[in-house]
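The chains referred to below are lettered A, B, ... by the order of the sequence lines, with proteins before strands, and numbering in each begins at 1. Because the structure is predicted, anything quoted here is derived from the model rather than measured.
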Amino acid sequence: MEEVFISGFDKFNGKEVAIKGWVTNRRESKTIVFLIVRDGTGFTQCVVAQEKTGDEIFSIARQLSLETAVVIEGVVNRDEKQIGGFELLVSRLAVLSQSENYPISNKPHGTDYLMDNRHLWLRSRRQWAIMRVRNQLIQAIHRYFQKNGFIQMDAPIFTGNACEGTSTLFGTDFFGQPAYLSQSGQLYGESMAFAHGKIYTFGPTFRAEKSKTRRHLSEFWMIEPEMAFYTLEDDMELIEDFMKNVVKDVLTQCASELKILERDTAYLENGVNKPFCRMTYSEAVKIIRGEKEVNGKNSINTLENDLKELQEKIRKVQEEIAERTNKTKQSGVKQGEISFHKSKIDALTGELHELEETAKNIPQWIESAKNFKEGGDFGGSDETVLTRLFDVPVMVFNWPHEVKAFYMKRDEKDSRYARGVDVLAPEGFGEIVGGGERETDLNLLIGKIRENELPMKEFEWYLDLRRYGSVPHSGFGLGLERFVAWICGLHHVRETIPFPRMYGRLFP
RNA sequence: UCCCCGGUAGCUCAAUGGUGGAGCGGCUGGCUGUUAACCAGUAGGUUGCAGGUUCGAGUCCUGCCCGGGGAGCCA
């Protein structure tokens, strides 16, 4: 008997095989039991018919509880209606390990509950699909850089100084001296690029801000390429080519996972096929404020329309809830129907809360957009306002130098600006890449370090890069989890990493 | 740190200041090639914690804890 994986069923149609896995769902009737079994590589329906297996195996199948580990033998049968396109007609079945009262059912759960059970939640279908997309994206990133002559060289995680001097860092004790968990490998990346030309780091990064938003984690993975002899323009070319390639890679390799996630891939395909939008910070500010139109669309009007549409949607959802509530109260309604309406109402209530939350925010976003002061950094809402007008990622470059890190190169044509670039993903996902050209002038750098009141001594090694063969160079940082969230169309980055570490969450 | 919302059965949610409910899940039985299966029965509660107002508090007030969303900060 050949032992196979569910992912390889297509090679065994009509043949008898064995699989090992876990029962994720069971539907039973008098003479037939349907099991949904997962083996890590996929999910499949196993059909246990009493007349085929005999009474003993059939009665075992009837009593299988969720997440019981099993070994099953049966014939692979093509059936397009089933998940994965196949099912297994069971001939024999044995329990490897019984599971009782599994905490996660096929019914809706709240996020807090699911996060408390993250170690088990990872088994469920959506989470399984997300992790496979994450894996594919990581592989695609490595493939891209390795193919294009980049060397992976990782930066240290313990650092003696607060790199950019801005973020709140996690403090720790390094054999008696204060040390911090790295918030960026940026400065180390530069020195490695001067040794190897083109490098990238790929590692964990830590931020201690008490941020509670859908875009923040305390511990996340960042990819930071750094290239010698690259200008800002070269950097932007690379970012776009890189993003197009890895997104395309994931779209083709993870089509079935994205289908499980019910991801509408239109914007992702745009990202692959259409050129990204590029604009200067000053242009972006005009657009955000509504002073400049994009393809006939004005930011403020667009938002106001969004709000109207949202309010209309809220009204409809409220109506539907009222309607369904009425139906459950009418006499002579069957239990099943009541139950059906109940679950619909619960889902709608959740949807309503989210819609109301957004509706509450939009007026604030409009205000903030109208009153945006030139010279400031974009907030999350400004990013949404701007990207709402585009169906491709937007690259904003030449930022006011005050809002960017001290190492960002000053624009030679206009010293108010620094040669930084942020890439904003469409569909409200916001900034997923931040990068730019680095300052090459030793004295300008020293001035910036003083201006930011950073400890000069700690940066001496970094300044050496300008003393010994300083050349133009650029790089960028990509937030892996934000990228995964965009590709999967997820509401929150916490689902993009196996065990998220965020404000208020250290377990499991 | 600040602003808004929430905390009721294992889970998801109801309950004009007046006897705490439903669905799911569990258990028992029944029915059907089922797709979050269905039907009947059954068990299940210190309403986040502490105090206050009231004849009476899940509901009102104060403080605290926890969670969600947003601001700030950022990828």
Side-chain angles (χ1 to χ4, degrees), chain A residues 24-36 45 47-49 65-66 79 81-83 87 89 100-117 125 164 166-168 183-184 186 205-218 220-224 321 325 328-329 334-350 353-354 356-358 360-361 364-365 368 376-381 383-384 403 405 422-425 429-435 476-486 491-494 503-505:
Chain A
T24 79
N25 200 9
R26 188 193 71 220
R27 292 180 286 270
E28 61 176 28
S29 61
K30 195 170 188 180
T31 60
I32 193 162
V33 174
F34 298 97
L35 304 170
I36 306 295
Q45 170 164 283
V47 184
V48 188
S65 47
L66 294 193
D79 183 350
K81 278 186 310 208
Q82 306 306 336
I83 45 172
E87 62 182 4
L89 306 173
E100 267 163 52
N101 298 323
Y102 187 65
I104 299 175
S105 66
N106 288 320
K107 302 293 185 241
H109 294 286
T111 51
D112 189 37
Y113 180 78
L114 289 168
M115 287 307 312
D116 282 341
N117 289 286
R125 214 155 160 247
E164 299 175 21
T166 49
S167 306
T168 318
Q183 62 146 342
S184 163
Q186 161 68 45
T205 303
F206 307 88
R207 303 281 164 89
E209 279 100 11
K210 292 178 178 173
S211 292
K212 278 173 77 99
T213 81
R214 62 187 63 177
R215 301 191 312 279
H216 285 92
L217 292 170
S218 306
F220 62 98
W221 288 71
M222 191 149 69
I223 296 94
E224 294 182 283
I321 290 174
T325 309
T328 60
K329 284 177 181 164
K334 279 190 177 176
Q335 198 54 48
E337 209 177 328
I338 290 175
S339 152
F340 175 74
H341 287 307
K342 274 269 181 192
S343 63
K344 281 283 181 196
I345 288 168
D346 278 2
L348 287 168
T349 307
H353 283 310
E354 266 184 37
E356 281 173 340
E357 197 89 47
T358 313
K360 209 173 63 189
N361 286 330
Q364 291 170 26
W365 294 352
S368 151
D377 203 353
F378 292 173
S381 71
E383 291 176 355
T384 307
V403 306
D422 281 3
V423 181
L424 311 176
F429 287 90
E431 185 179 353
I432 55 178
V433 167
F476 64 91
L478 166 80
L480 179 67
E481 286 75 17
R482 285 189 181 176
F483 205 178
V484 175
W486 177 48
H491 187 69
H492 200 298
V493 289
R494 68 186 150 214
Y503 182 56
R505 166 114 5 229

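- One interatomic measurement links the two molecules: CG of L89(A) to P of rU34(B), which rounds to 15 Å at whole-angstrom precision.
- The gap from the P atom of rU62(B) to that of rG6(B) amounts to 14 Å, rounded to the nearest Å.
- At the phosphate of rA75(B), neither OP1 nor OP2 sits under 4.0 Å from any side-chain N or O atom of R482(A).
- Separating the OH atom in Y503(A) from the NZ atom in K212(A) is a distance of 6.5 Å, to the nearest 0.5 Å.
- Using a 4.0 Å heavy-atom distance criterion, R494(A) is classed as a sugar-phosphate-only contact.
- When the nucleotides rA75(B), rG67(B), rC11(B) are ranked by their closest atom to the side chain of F220(A), rA75(B) comes out on top.
- Nucleotides rA43(B) and rG56(B) are separated by 31 Å at their C1' atoms, to the nearest Å.
- With hydrogens and angles ignored, the 3.5 Å screen pairs a side-chain donor or acceptor of E481(A) with a backbone N or O of W221(A).
- Taking every side-chain heavy atom of T213(A) into account, rA71(B) is the closest of rC74(B), rC11(B), rA71(B).
- Counting distance only, with no hydrogens placed and no angle test, the side-chain atoms of S211(A) and the base atoms of rC73(B) include a donor-acceptor pair under 3.5 Å.
- In this entry rG63(B) has rC49(B) as its Watson-Crick or G-U wobble partner, both defining distances falling under 3.5 Å.
- At the heavy-atom level, G430(A) lies nowhere under 4.0 Å from the strands shown.
- Within the 4.0 Å cut-off from OP1 or OP2 of rA37(B), at least one side-chain nitrogen or oxygen of N25(A) is found.
- rG26(B) and rC64(B) have their P atoms separated by 42 Å, given to the nearest Å.
- For rG26(B), its base never sits under 3.5 Å from the side chain of E100(A) at any donor and acceptor pair.
- Nucleic acid contact class of F34(A) (heavy atoms, under 4.0 Å, all strands): base.
- Base-pair partner of rC38(B): rG30(B) (Watson-Crick or G-U wobble, both distances under 3.5 Å).
- Dashed line: the shortest gap from a side-chain N or O of K81(A) to OP1 or OP2 of rU35(B) is not under 4.0 Å.
- A donor-acceptor contact shorter than 3.5 Å links the side chain of Y113(A) to the backbone of P103(A).
- Rounded to whole Å, the distance from CD1 on I104(A) to P on rG10(B) is 17 Å.
- Comparing the same atom, P, in rG21(B) and in rA15(B) gives a spacing of 15 Å after rounding to whole Å.
- In this structure, the CG atom of D377(A) is 13 Å from the P atom of rA71(B), given to the nearest Å.
- Here the shortest heavy-atom pairing between M115(A) and R494(A) reads SD-CD, 3.9 Å.
- Nucleotides rC31(B) and rA40(B), compared at atom P, are 15 Å apart to the nearest Å.
- Among the heavy atoms of the strands lying under 4.0 Å from S381(A) are primed sugar atoms or P, OP1, OP2 only; no base atom is included.
- One C1' atom belongs to rC4(B), the other to rG44(B), and the distance between them is 35 Å to the nearest Å.
- Within 4.0 Å of R214(A), counting heavy atoms only, lie sugar-phosphate atoms of the nucleic acid but no base atom.
- Residue contacts shown for V433(A) are limited to sugar-phosphate atoms, with no base heavy atom under 4.0 Å away.
- For the pair H109(A) NE2 and rG68(B) C1', the interatomic distance rounds to 18 Å; values are reported in whole Å.
- In this structure, I83(A) CD1 and D79(A) CG are separated by 11.5 Å, a value rounded to the nearest 0.5 Å.
- Using a 4.0 Å heavy-atom cutoff across all strands shown, Q82(A) reaches at least one base atom of the nucleic acid.
- Base pairing of rG56(B): no nucleotide in any strand meets the Watson-Crick or G-U wobble criterion (both distances under 3.5 Å).
- Across all strands shown, H492(A) has heavy atoms under 4.0 Å from sugar-phosphate atoms exclusively, and none from any base.
- With values rounded to the nearest 0.5 angstrom, H491(A) atom NE2 is found 8.5 Å from T111(A) atom OG1.
- Between rG45(B) and rC11(B), the distance separating the two P atoms is 13 Å to the nearest Å.
- Across all strands, L217(A) comes closer than 4.0 Å to base atoms (heavy-atom distances).
- Between the CD atom of Q364(A) and the C1' atom of rG69(B) there is a distance of 11 Å, given to the nearest Å.
- In this structure, rG10(B) forms a base pair with rC24(B), meeting either the Watson-Crick or the G-U wobble geometry with both donor-acceptor distances under 3.5 Å.
- Looking at heavy-atom distances under 4.0 Å, D422(A) makes no contact with the nucleic acid at all.
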- Task: Could you give me the CA-CA distance, side-chain angles and deciding distance for L424(A) and V433(A), then say whether side chain to side chain contact (heavy atoms under 4.5 Å, CB included) is met?
- Result: CA-CA 7 Å; L424(A) 311 176; V433(A) 167; over 6 Å; no
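- Rounded to the nearest Å, the gap between the C1' atom of rU19(B) and that of rA36(B) is 35 Å.
- Judged by distance alone, the side chain of R207(A) and the main-chain N or O of Q183(A) form a donor-acceptor pair under 3.5 Å.
- With hydrogens and angles ignored, a donor-acceptor pair under 3.5 angstrom links the side chain of R207(A) to the base of rA75(B).
- Checking Y102(A) against Q45(A), the closest nucleotide of RNA chain B that is more toward the 5' end is the one next to Y102(A).
- H216(A) contributes a side-chain N or O that forms a donor-acceptor pair with the base of rC74(B) under 3.5 Å.
- In this structure, the CG atom of D116(A) is 17 Å from the P atom of rG7(B), given to the nearest Å.
- Look at CD on E209(A): it is 12 Å from P on rG72(B), rounded to the nearest Å.
- Nucleotide rA71(B) forms a Watson-Crick or G-U wobble pair with rU1(B), both donor-acceptor distances falling under 3.5 Å.
- H491(A) places its NE2 atom 9 Å from the C1' atom of rG68(B), with the value rounded to the nearest Å.
- Remark on RNA chain B: of its neighbouring residues I32(A) and K210(A), the 5'-side contact belongs to K210(A), judged by nearest-heavy-atom nucleotide.
- In terms of modelled atom types and a separation under 3.5 Å, the side chain of R215(A) and the main chain of R482(A) share no donor-acceptor contact.
- Residue-to-nucleotide contacts include no donor-acceptor pair under 3.5 Å from the side chain of R505(A) to the base of rC66(B).
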